[in-house]
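In what follows, a single structure is set out as structure tokens and then discussed.
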Amino acid sequence: MKPSIPRGTRDFGPAEMQKRQYIFDTVKRNFQLFGYAPIETPTMENLEVLTGKYGDEGDKLIFKILNSGDYLKDFVFSGKEVEAFDKLERSNSNAFLPSNGILESDKHIRQISEKALRYDLTVPFARYVVMNQNALTFPFKRYQVQPVWRADRPQKGRYREFYQCDADVIGSDSLVNELELLSLMDKAFRELNIPVLIKFNNRKILSGIAEILNASEQIIDITVAIDKLDKIGKEGVVKELRDKGISDAAIELLEPLIDLSGSNEDKVNTLKTFLDTSEVGKKGIEEIEFLLNHLSTINIGHVSVELDITLARGLNYYTGTIFEAKANAGTFTPSILGGGRYDDLTGIFGLKNMSGVGISFGIDRIYDVMEELKLFPESVNKVTTTKVLFTNFGEAEQLHCLGLAARLRAAGINTEVYPDAGKKIAKQFEYADKKQIPFVAVVGTNEMAKNTVMLKNMQSGTQMEIGLDDLKTVLAS
RNA sequence: GUAGGUAUAGCUCAGUUGGUUAGAGCACCAGAUUGUGGUUCUGGGGGUCGCCGGUUCGAACCCGGUUACUUACCCCA
């Protein structure tokens with residue numbers, strides 16, 4: 001059998017892991033710097049915890065887990081299915097024909113599957129908060145770095161298994177949380193050296209717009225359509241709005257907003273006029289202004305921050321501020337971070353008045369962007385962290401080297417001893433070369449007798465015979 | 001779910017209007033060099049040309065089907 005892995009999943013080798021760890025470490029360090037504490041939740045959730053939280057499209061992308069046991073035993077198949085099955089297993093097809101009901105995937109899904117792989121980290125977090133509400137201290141700040149799964153068609157920058165790095169604070173409706181998250185993003189992206197444009201918006205603005213257009217129940221259609229502005233252009237957006245049944249009068253009203261441009265302040269001023277009669281819209285503007293007014297207070301300096309009222313974000317649960325970050329250089333500029341405020345995500349699980357806000361770093365896409373822009377520092381661009389390899393000339397020499405290795409490791413120096421006996425010395429050097437180990441320590445009978453090693457610098461090709469103390473000094477530098 | 005592209009050695013790919021024994025680079029193994037890698041030279045192993053069927057004297061090549069991968073749409077990190 002030819003080995004393979006499921007579409008949209010990947011293996012990560014040592015070289016890739018060095019770089020992935022670098023991103024994880026940077027992001028985690030910054031989470032902790034802002035007071036977030038780590039949690040983890042199970043890979044699988046009960047299906048009903050996840051369904052209905054991500055919109056119709058999102059729900060379709062949830063990976064469901066088959067129940068254990070013979071969950072089909074109570075079902076009758078239709079004549080067509082029996083016929084197809086009969087062709088395959090003519091001999092004992094009757095075994096599958098008891099009498100209870102016809103199998104229909106939408107009706108009987110629960111009897112086939114009652115668990116699913118997590119689709120994001122936010123909903124499991126909300127579930128966790130509700131289940132542990134009495135043990136938690138609010139406002140509760142948590143971070144979580146785990147893979148999520150989506151049954152998408154994979155393409156460039158889109159995987160079926162990928163990691164999210166989430167930081168959320170729940171139990172506080174202060175906009176200071178949004179401000180601090182902006183500060184966190186700025187700091188993390190600065191350390192990763194990625195040029196980033198952070199777009200933000202507010203769901204209340206979008207609600208206000210829908211209200212003014214007298215199309216509140218079509219808010220999703222409207223936001224999804226204008227979200228595509230930079231992709232399909234103004235004509236495309238107008239066409240999509242028409243297709244969704246938005247009236248021409250409403251589309252006409254909307255036009256100045258589709259054309260909205262200029263500085264953040266200009267946009268806010270236009271919005272103020274437009275949303276003058278909408279209470280929720282005015283609240284949204286107030287929130288946006290607070291954030292804009294304090295960007296300098298928190299010293300945002302690396303990322304650009306731009307108000308973009310076409311930013312919608314598909315997830316159903318957002319109610320206030322929404323964030324999205326994109327790489328601001330190169331040709332490959334996918335969304336590498338998303339987030340926002342959700343006022344009532346825990347409500348579905350029975351806990352009211354628990355507003356939260358959070359962001360999610362898309363680490364796999366960050367990796368892809370950094371790879372394209374060649375942003376990884378030299379220190380992580382290697383396949384191993386081993387500093388020195390001891391050669392193996394034979395049993396006595398190897399045992400001697402094991403002792404030396406133990407002393408180097410005690411000094412914090414990453415050390416390997418070539419394990420297999422009887423390998424040519426050239427082979428052992430080749431091993432060091434391929435792993436990019438910078439030093440090889442050759443220890444034969446001569447060196448043993450003098451209690452020295454012949455240390456070769458693999459990059460320069462030079463070598464010198466030195467004692468243990470000098471060895472430590474050279475390798476520690 | 002919709003539309004396109006691709007499938008030949010472990011990897012990346014050539015392969016002429018259909019014609020003998022299907023090639024290259026990289027990788028791998030051995031030797032030149034029995035205490036020295038990365039460079040060089042010499043030799044070697046490695047193929048169900050995705051799969052099934054059709055056309056033909058003859059198919060990697062043409063035709064039909066099928067599967068996998070991939071790009072885009074939808075949606076999203």
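Labels below follow one simple rule: chain letters A, B, ... track the order of the sequence lines, proteins then strands, and each chain is numbered from 1.
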Open item on the list: Run the side-chain contact (heavy atoms from CB on, under 4.5 Å) test against A/E57 and tell me which residues pass, sequence neighbours left out.
Closed with: A/K60
Identify each atom pair where a protein N or O and an N or O of nucleotides 66-69 of chain B are less than 3.5 Å apart, giving names and distance.
residue, atom, partner, partner atom, Å
B/rC69, OP2, A/R7, NE, 3.3

Table please: side-chain donor-acceptor pairs of residues 40-47 of chain A below 3.5 Å, with sequence neighbours left out.
residue, atom, partner, partner atom, Å
A/T41, OG1, A/Q144, NE2, 2.9
A/E45, OE1, A/R127, NE, 3.0
A/E45, OE2, A/R127, NH2, 2.8

- [ ] Output yes when A/K141 and A/D168 qualify as a salt bridge under the 4.0 Å nitrogen-oxygen rule, no when they do not.
- [x] no
Open item on the list: Please determine whether a side-chain nitrogen of the Lys or Arg among A/E306 and A/K267 lies less than 4.0 Å from a carboxylate oxygen of the Asp or Glu.
Closed with: yes
Open item on the list: Are A/F361 and A/F189 an aromatic pair, judged by ring center distance below 6.0 Å?
Closed with: yes
Open item on the list: List the residues meeting side chain to side chain donor-acceptor pair (under 3.5 Å) with A/K423, not counting sequence neighbours, and say none if there are none.
Closed with: none
Task: Partners meeting side chain to side chain donor-acceptor pair (under 3.5 Å) with A/D243 (sequence neighbours left out) - done: A/K239
Look for any protein N or O under 3.5 Å of an N or O in nucleotides 9-12 of chain B and output each such pair with its distance, or none.
none

- [ ] Please list all pairs passing the salt bridge (Lys or Arg N to Asp or Glu O under 4.0 Å) test where one or both residues lie in residues 447-473 of chain A, with sequence neighbours left out.
- [x] A/K450-A/E465
Task: Pairs where residues 365-381 of chain A contributes a residue and the test salt bridge (Lys or Arg N to Asp or Glu O under 4.0 Å) is met, not counting sequence neighbours - done: A/K19-A/E371
TODO: Using the C1' atom as the reference point in each nucleotide, state the distance between B/rU20 and B/rG15 in Å, no decimals.
DONE: 16 Å
- [ ] Determine the Euclidean distance between corresponding C1' atoms of B/rA9 and B/rC29; express it in Å to zero decimal places.
- [x] 15 Å
Within the structure shown, what part of the strands sits under 4.0 Å from [X] by heavy-atom distance: base, sugar-phosphate, or nothing?
X: A/Q155; result: base
X: A/K326; result: nothing
X: A/S335; result: sugar-phosphate
X: A/F361; result: nothing

Task: Any side-chain heavy-atom pair of A/Y119 and A/V148 under 4.5 Å - done: no
Open item on the list: Please encode protein proximity along nucleotides 25-41 of chain B as a string of B, S and -, counting only heavy-atom distances under 4.0 Å.
Closed with: ---SSSS---BBBB---
Please tabulate, one pair per line, all N/O donor-acceptor pairs under 3.5 Å involving side-chain atoms of residues 321-331 of chain A, not counting sequence neighbours.
residue, atom, partner, partner atom, Å
A/T321, OG1, A/E178, OE2, 3.2
A/E324, OE1, A/R313, NH1, 3.2

Write out a two-atom table: protein N or O, nucleotide N or O from nucleotides 2-6 of chain B, distance below 3.5 Å.
residue, atom, partner, partner atom, Å
B/rU2, O4, A/R153, NH1, 2.4

Task: Integer-rounded Å distance: B/rC76 C1' and A/E57 CD - done: 10 Å
- [ ] Find the distance A/D243:CG to B/rC74:C1' and express it as a whole number of Å.
- [x] 14 Å
Task: Between A/T51 and A/D59, a side-chain donor and acceptor under 3.5 Å - done: no
Open item on the list: For RNA chain B, which residues of residues 362-377 of chain A approach it to below 4.0 angstrom with any heavy atom?
Closed with: A/G362, A/R365
Task: A/R150 to A/F162 six-membered ring, cation-pi geometry met (6.0 Å, 45°) - done: no
